[in-house]
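A quick write-up on the structure given underneath.
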Protein chains: 2
Amino acid sequence: MNSQEEIADFIRNGSQYYLPHLSIDSVIFGYHNQQLKILLLKWIGYNGWGLPGGFIQRREPLSEAANRIVQERTGLEDLFLQQFHIFGDSPYRLQERSVREFTEKYGLDVGADEDNWLFERTLSVGYFALVDYFRVSVRTDIFTYDYQWWDVGEIPPLLFDQNEVVEKALATLRLQIYHQPIGYNLLPEKFTLPEIHSLYETILGKELDGRNFSKKLVALGLIKKLDERRAIGPHRSPYLYQFEKDAYEDALKQGIVHTY
Amino acid sequence: MNSQEEIADFIRNGSQYYLPHLSIDSVIFGYHNQQLKILLLKWIGYNGWGLPGGFIQRREPLSEAANRIVQERTGLEDLFLQQFHIFGDSPYRLQERSVREFTEKYGLDVGADEDNWLFERTLSVGYFALVDYFRVSVRTDIFTYDYQWWDVGEIPPLLFDQNEVVEKALATLRLQIYHQPIGYNLLPEKFTLPEIHSLYETILGKELDGRNFSKKLVALGLIKKLDERRAIGPHRSPYLYQFEKDAYEDALKQGIVHTY
DNA sequence: TTTTTAATAAGTAAAATTTACGGAATGGTT
DNA sequence: AACCATTCCGTAAATTTTACTTATTAAAAA
């Protein structure tokens, strides 16, 4: 979708291709520089930041829609995606960006705002994705003109009720931290003890004793030490570790113990 | 809604009052005779059982819709309700009951099936409710002609993909058992140790040592012994207990320990 | 080449929690 | 008064969690 005709068609007739009243908001988590981050976009027609999102095609399974939306945005295959909530308590969650403003920008005439499907009440299905920060290559498109990774502690005001969406995603992540393959998806294939340690501290927002933390992961056979180390500036080089996928997944099924 | 005109209007023009493509399915859990049960209804036009459910009014917050639907069905105020998933992976989840069949039963003419909003693709938001079995008085209505409580282990084949909905509700209940006020909502105000013990065993599907279980609940100050007992046939009368609401809710926030 | 620096790595003992387990007491019925 | 099915209770062993300090190392600077 990039020609003017296609855009005008989307705005005018989008509800023929997509389910009206429903959208998907995706909270894409990455981890970089000891910080948990999410990906935000600048949307055309709204002077601020918002979550990546999109609509569900008329005959498209919901989970495929979420996959498609995040995949197109990040370039990643094999996404870890999880639905966490549907937001529908603001019946007046209308598009704050004006369709008119948006279309004028492109010199289109698509009729009155009030009649447009984009202006109707929309419930939004929240998905979060856990991605390897270093493998993402963000694509903006005709509807978005900028992107940026933001620390979860410093999220700016977002479109609609999307700040609530982010909060809920974070709360879910914390709640499920010992039931979801968080480290596996958020860290690169090979990582150091300090990295995974700090990841868990960041998500939980509290300190964890490093010795006990790594002792436990190793004792449970969830990670294994490799014979390589990573060069990190002027200091002692940490060893690299790797997840033991099978043991890790077994442990998650039962829920790893609650504390480290 | 009970006159023929109202029903015909609902079928013909329902999408003026309700959001199309969306519905709510509610899994209403109760506990009776040491069994965890859910409430099922017989829907007109479908020869079998289905979940209580309904539609979302155009300007009605989602959670209010869920409340309204379960409240009307059970007669209960102050419901404990929780959204647990949105089901939208079957784009072909069409109504298996025929609108025609349904309307013929009432001698109405409402046009072709294909054009009817009830026949379009519908995503369903799953809510579960935890209710006190003894306080429920089920109301059937013009769309439903029978109801019954079913053991969760013996759920019959349901409408659409609703068996999956029930499975997911159960899985969520198990996962959140130590984070949700399950006992508080599923048990009557006063209950015995064997009752709450067996409730947790039923939900988790495994045995829990009774001594350790009650020891812990009491030690944590979550329940307190009353000076009353219940007469139960020819045996020793168990004492009644009551939840300590404050302590209970505090404990749930952090997630009570994992085992009893 | 040596020194300096800042980070990584590793083990043990105390405290807390969880698990395992059997026997006495009770209320109503016969 | 005896019987039965059920409630009720306490302690010891095993496991898990917590708390905590020092030696090692890689690279940069001197």
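Numbers restart at 1 for each chain; the letters A, B, ... are given by sequence-line order, proteins then strands. Computed from a predicted structure; not experimentally measured.
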(Q) Tell me the interatomic distance from B:Leu208, atom CG, to C:dT18, atom P, rounded to whole angstroms. (A) 13 Å
(Q) Does A:Gly210 reach a base, just sugar-phosphate, or nothing at all? Heavy atoms under 4.0 Å. (A) nothing
Q | Short N-O contact, B:Lys253 and B:Glu249, less than 4.0 angstrom | A | no
Q | Identified side-chain hydrogen bond (donor to acceptor under 3.5 Å, both in side chains) counterpart of B:Tyr239 within the set B:Glu228, B:Arg229, B:Arg230 | A | B:Arg229
Q | For atom OH of A:Tyr239 and atom P of C:dA9, their distance in whole Å | A | 8 Å
Q: Send over the distance from B:Asp209 CG to D:dC9 P, rounded to a whole Å.
A: 14 Å
(Q) Checking side-chain polar atoms at under 3.5 Å, does A:Arg73 have a donor or acceptor matched by the opposite partner on A:Thr144? (A) yes
(Q) Without decimals, in angstroms, what is the distance between A:Glu195 CD and C:dT8 P? (A) 10 Å
Q) Looking at side-chain heavy atoms only, is the closest gap between B:Leu193 and B:Phe213 below 4.5 Å? A) no
(Q) I need the CD1-C1' distance between B:Ile223 and D:dT7, as an integer number of Å. (A) 14 Å
(Q) So if I take every side-chain heavy atom of B:Arg211 and compare against C:dA9, D:dC20, C:dG22, which nucleotide ends up nearest? (A) C:dG22
Q. Is the phosphate of D:dC9, meaning OP1 or OP2, less than 4.0 Å from a side-chain N or O of B:Lys225?
A. yes
Q: Tell me which of B:Leu240 and B:His235 sits closer to the 5' end of DNA chain D, going by the nucleotide each one is nearest to.
A: B:His235
Q: When you get a sec, tell me which of D:dC8, C:dG11, C:dA20 is the closest nucleotide to the side chain of A:Asn212?
A: C:dG11
**Q.** Selection from C:dG28, D:dG10, D:dA27 that lies nearest to any side-chain heavy atom of B:Lys215
**A.** D:dG10
**Q.** Given D:dA28, C:dT29, C:dC21, the nucleotide with the shortest approach to the side chain of A:Pro234
**A.** D:dA28
Q. Which nucleotide sits closest to the side chain of B:Arg236: D:dG10, D:dC20, D:dC8?
A. D:dC8
Q.
Under 4.0 Å from OP1 or OP2 of D:dT17: is there any side-chain N or O of A:Lys216 that close?
A. yes
